[in-house]
*Asks:* 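Okay, here's the structure, questions in a sec.
Proteins get letters first, then strands, A, B, ... in listed order; numbering begins at 1 in each. This one's a predicted model, so the numbers in the text were calculated from it and none came from an experiment. The figures here come from the full heavy-atom set of this structure, side chains too, leaving out hydrogens, waters and symmetry mates.
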Number of protein chains: 2
Amino acid sequence: MGQTGRIFMSGLDRSLIADLPAFAGMTGEALDLVLQGARSTRHAKNSDIFAEGGIADHFFLLLSGHVRVVRTTPEGEQMIARYINEGELFGIAIAMGLAVYPASAVAAVDCVVLTWPNSEWQKLQETVPGFGAAAYRTIGGRLQETQNRVMEMSTEQVEQRVAHALLRLVNQAGRKTENGVEIDFPISRQDIAEMTGTTLHTVSRLLSAWESEGVVASGRQKVTVTDPHRLMLIAERRAGR
Amino acid sequence: MGQTGRIFMSGLDRSLIADLPAFAGMTGEALDLVLQGARSTRHAKNSDIFAEGGIADHFFLLLSGHVRVVRTTPEGEQMIARYINEGELFGIAIAMGLAVYPASAVAAVDCVVLTWPNSEWQKLQETVPGFGAAAYRTIGGRLQETQNRVMEMSTEQVEQRVAHALLRLVNQAGRKTENGVEIDFPISRQDIAEMTGTTLHTVSRLLSAWESEGVVASGRQKVTVTDPHRLMLIAERRAGR
DNA sequence: ACTTGAATTTGCGCTCGCTCAAACTGGCGT
DNA sequence: ACGCCAGTTTGAGCGAGCGCAAATTCAAGT
C-alpha cells in the first residue's frame, strides 16, 4: 500500500473530529468509539496514501494537509480527479461497492490521515447517526462536481476552464495573504493542466498573461489570485470573444 | 413536473421487478411492499420525466424504454450526461442529499417508469436488504463512468471519443440485427456530439468515413455498428497516428 | 559557492476540429 | 400525394491550442 507514514499509538483526541460534518452532533462517547477503530498516520509530501488498482481495504479521512487524487491512463497520461481538503472523507471505495481503488491518492504536502479498515464501515454506519448519509452526500457531491467538469470541458475554452479551476482552488484551499488569496499547497503548471485537460505550456502562457494584467501572481508551484473579480469575468465570458 | 403520462391503477405485478439487481433475493411479500409505495407512469417519447432544477421529491426506476439525462448550461448549451437503460434507478437525488434534480430526464422512446415519492426511500432502505447498497453502487458506478469520461476528454482525440461512446452504447443498449449491432433507440448526430463534447458536423463526418470503411451503417437517428472489432481499434489507437 | 535538475517561459509552425454556409434527404402529418 | 422540416451531409476557411524545441530561472543539496 506504499504506507510511508508511521503509526501514532492511540491517544487520538475527540477534538480532532468533533466538529467535522461527518460526525456532527455526536456525543463524546460515540466519538471515542469512532476513533477506537481508527489509526492515525503521517504521509510525507508526494508519497502515495493508496494506489490506483490496489485492494480497497481501508477508508480515510484527511485531518491535515492536502491530498491529490490522480488517475492514470494505460498510456501513462495522468489526470487530477480532485483535491481533498482537511476534514474530508476519501478513498471510500467501500461506499461505492468497489473492490479496488479507482484512483491513487498522493499527499500534496505532509499529511495526517485517519484510517479505518473496511470492517469498521458497517459499525460506523450503525453507531453514528448521519454518518452514512454524510458519506453518500460526499459521493453525490463529487458526482455533481465531476459532471460539471465534463460540462465545462464540452462547452468552454481552455482559458475559461483554467480560470474556473483556479477559482475553485482558491475557494476550497485559499489562504489570504497581503497580495490576495494564495492556494494553500504547492501546485505546478502541470498540475493545473491535468485538472483542466490542457498542457503545461498553455497554462504557463495563461498565467503569464494574467500576471501582466495583475489578475494573478504566481511562482514556482505557487499561485496567488490577486484580483478574483477580474478572474471571474474571465471565467464567465462567453467563447464568442 | 411535466408529467405527461397517465397513471396505472395498481395491479403492478411482482414479476416487473423481481429479477432486477436492486431487488435481488426478495420474497414475494417484500416485493409487494415495494410496489405498494410506487406508481407506474407512461411517458411519451421526448417528454420530460423530471426537469433540471425542479424539486426532487420522487425517485424512479425505468421499467421499459430508454431515458436521456440532460444538463443545460446557463447559455443554453446541452450535454447528455448518460442514458438510462431498463431496470436502472434514476433521479435518485435523495440518495445524494440533493433537494433539486441536477439534470433533466427525457424519454428517448415511449417509456414505462416506476415512481416513488421520496418518503418511501427510508422504508425501502429498511425493508429491502441490499436496496441501499445497490443504490449506492449505482451512484458509485456513475461517478466512475463520469470520471472516465473526463479522462477521455482530457487525453483522447474526438475520433477516439466518438468511437468509445458508440461502443458503450452498443454494449449497453445494442440489439443484434442481420447487419450488426444496432443502438436500440433513436439517436441523432447531435446527441452523439453532446455525449462526446464535439459538434454534429464532426460526428457526421466521422460516421460517413466509417460507413465507407464498412465499420458502421447509419441513417436518420439510427446507428448500427457492423464491425465492432474495427471500431475498437479506432477507439484505442493512440493520438500519435 | 557551485552543481544539478526540475519547473517555467517563450517562440514557431501546424493541425484538428470548429464555425459558417449551403445543399440535400427522408419521414411525417394533413 | 404532397409539402414541410428536422436531421444530415459536405465544403471552405480559419484559429485555438498543441507539439516540439530551446533558453531561463529557481531551489535544494553538497
Side-chain angles (χ1 to χ4, degrees), chain A residues 44-46 75-79 108-110 152-163 165 183 185-213 216-224 234 237-241, chain B residues 44-46 68 75 77-80 106 108-110 152-163 165 183 185-213 216-224 234 237-241:
Chain A
K45 181 172 168 177
N46 291 327
E75 288 81 18
E77 285 172 294
Q78 289 201 334
M79 95 169 202
V109 295
D110 290 351
E152 277 187 13
M153 296 192 71
S154 302
T155 63
E156 292 178 1
Q157 311 264 102
V158 167
E159 183 173 26
Q160 280 71 45
R161 299 208 302 270
V162 173
I183 296 169
F185 50 83
I187 185 167
S188 68
R189 309 291 183 266
Q190 176 71 36
D191 292 332
I192 297 173
E194 287 179 13
M195 298 179 68
T196 51
T198 180
T199 64
L200 78 162
H201 308 280
T202 298
V203 172
S204 177
R205 279 181 249 268
L206 287 171
L207 289 183
S208 295
W210 292 342
E211 182 128 26
S212 72
E213 291 177 31
V216 304
S218 73
R220 215 155 245 251
Q221 315 237 72
K222 170 181 282 286
V223 179
T224 304
I234 293 171
R237 76 179 163 212
R238 224 21 247 117
R241 169 165 336 279
Chain B
K45 180 173 167 176
N46 291 328
R68 194 165 59 232
E75 288 81 17
E77 284 172 293
Q78 289 200 332
M79 96 169 203
I80 297 182
V106 184
V109 296
D110 291 350
E152 278 186 13
M153 297 192 70
S154 303
T155 64
E156 292 178 2
Q157 311 266 100
V158 168
E159 184 173 28
Q160 280 70 47
R161 299 208 302 268
V162 173
I183 296 169
F185 49 84
I187 184 165
S188 68
R189 310 292 184 262
Q190 176 72 35
D191 291 332
I192 297 173
E194 288 179 12
M195 297 180 68
T196 52
T198 180
T199 63
L200 78 162
H201 306 281
T202 298
V203 173
S204 177
R205 279 182 248 266
L206 286 171
L207 289 183
S208 295
W210 292 342
E211 182 127 28
S212 71
E213 293 177 31
V216 305
S218 73
R220 214 157 247 250
Q221 315 236 70
K222 170 180 284 283
V223 179
T224 304
I234 293 171
R237 77 180 163 210
R238 225 17 250 118
R241 171 163 336 281

*Asks:* Is there a side-chain contact (heavy atoms from CB on, under 4.5 Å) between B:Arg205 and B:Thr199 once you walk through the steps?
*Replies:* CA-CA 10 Å; B:Arg205 279 182 248 266; B:Thr199 63; over 6 Å; no
*Asks:* Do the side chains of A:Val162 and A:Trp210 get nearer than 4.5 Å, heavy atoms only?
*Replies:*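 When only atoms from C-beta onward are counted, A:Val162 and A:Trp210 do touch, with a gap below 4.5 Å.
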*Asks:* Testing the basics here: between A:Leu207 and A:Ile192, what is the closest heavy-atom pair and its distance to 0.1 Å?
*Replies:*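 Looking at all heavy atoms of both residues, the shortest contact is CD1-CD1, 4.4 Å.
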*Asks:* Which heavy atom in B:Ala108 sits nearest to a heavy atom in B:Pro186, and how many Å separate them?
*Replies:*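 Closest approach of B:Ala108 to B:Pro186, heavy atoms only: O-CD, 3.9 Å.
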*Asks:* Run the side-chain contact (heavy atoms from CB on, under 4.5 Å) test on A:Val223 and A:Arg189 for me, step by step, so that the C-alpha distance in whole Å, both residues' side-chain angles and the decisive distance to 0.1 Å come before the verdict.
*Replies:* CA-CA 9 Å; A:Val223 179; A:Arg189 309 291 183 266; 4.2 Å; yes
*Asks:* For C:dT8, does either OP1 or OP2 sit under 4.0 Å from a side-chain N or O belonging to A:Ser204?
*Replies:*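 No, outside the criterion.
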*Asks:* When you measure from every atom of DNA chain C, which of residues 189-200 of chain B have a heavy atom less than 4.0 Å away?
*Replies:*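 Hits under 4.0 Å, by residue number: B:Gly197, B:Thr198, B:Thr199.
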*Asks:* Within the structure shown, what part of the strands sits under 4.0 Å from B:Ser188 by heavy-atom distance: base, sugar-phosphate, or nothing?
*Replies:*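 Sugar-phosphate, no base atom in range.
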*Asks:* Tell me, do A:Lys45 and A:Phe185 make a side-chain contact under 4.5 Å, heavy atoms counted?
*Replies:*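 A side-chain contact is absent here, since even the closest heavy-atom pair is not under 4.5 Å.
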*Asks:* Measure the distance from CG on A:Leu206 to C1' on C:dT9 and round it to the nearest whole Å.
*Replies:*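 Going from A:Leu206 (CG) to C:dT9 (C1'), I get 13 Å.
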*Asks:* Give me the first and last nucleotide of DNA chain D, going 5' to 3', that has any atom under 4.0 Å from a heavy atom of chain B.
*Replies:*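 Using the under 4.0 Å cut-off, the span is D:dA6 to D:dA12.
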*Asks:* If I compare all heavy atoms of A:Arg161 with all of A:Glu156, which pair ends up nearest, and what's the gap?
*Replies:*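 Looking at all heavy atoms of both residues, the shortest contact is NH1-O, 3.1 Å.
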*Asks:* Tell me the interatomic distance from A:His201, atom NE2, to C:dG11, atom C1', rounded to whole angstroms.
*Replies:*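 Result: 12 Å.
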*Asks:* Which pair of heavy atoms, one from B:Thr196 and one from B:Met153, lies closest together, and at what distance?
*Replies:*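 Here B:Thr196 and B:Met153 meet closest at O-CE, 4.0 Å.
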*Asks:* Dump every N/O contact between nucleotides 23-28 of chain C and the protein below 3.5 Å, one line per pair.
*Replies:*
unit_1	atom_1	unit_2	atom_2	d
C:dT25	O2	B:Arg220	NH2	2.5

*Asks:* Write down the atom of B:Thr155, the atom of A:Glu77, and the distance for their closest heavy-atom approach.
*Replies:*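 In terms of heavy atoms, the two residues are closest at CB-OE1, 3.6 Å.
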*Asks:* Testing the basics here: between B:Val158 and B:Thr202, what is the closest heavy-atom pair and its distance to 0.1 Å?
*Replies:*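 It is CG1-CG2, 3.7 Å.
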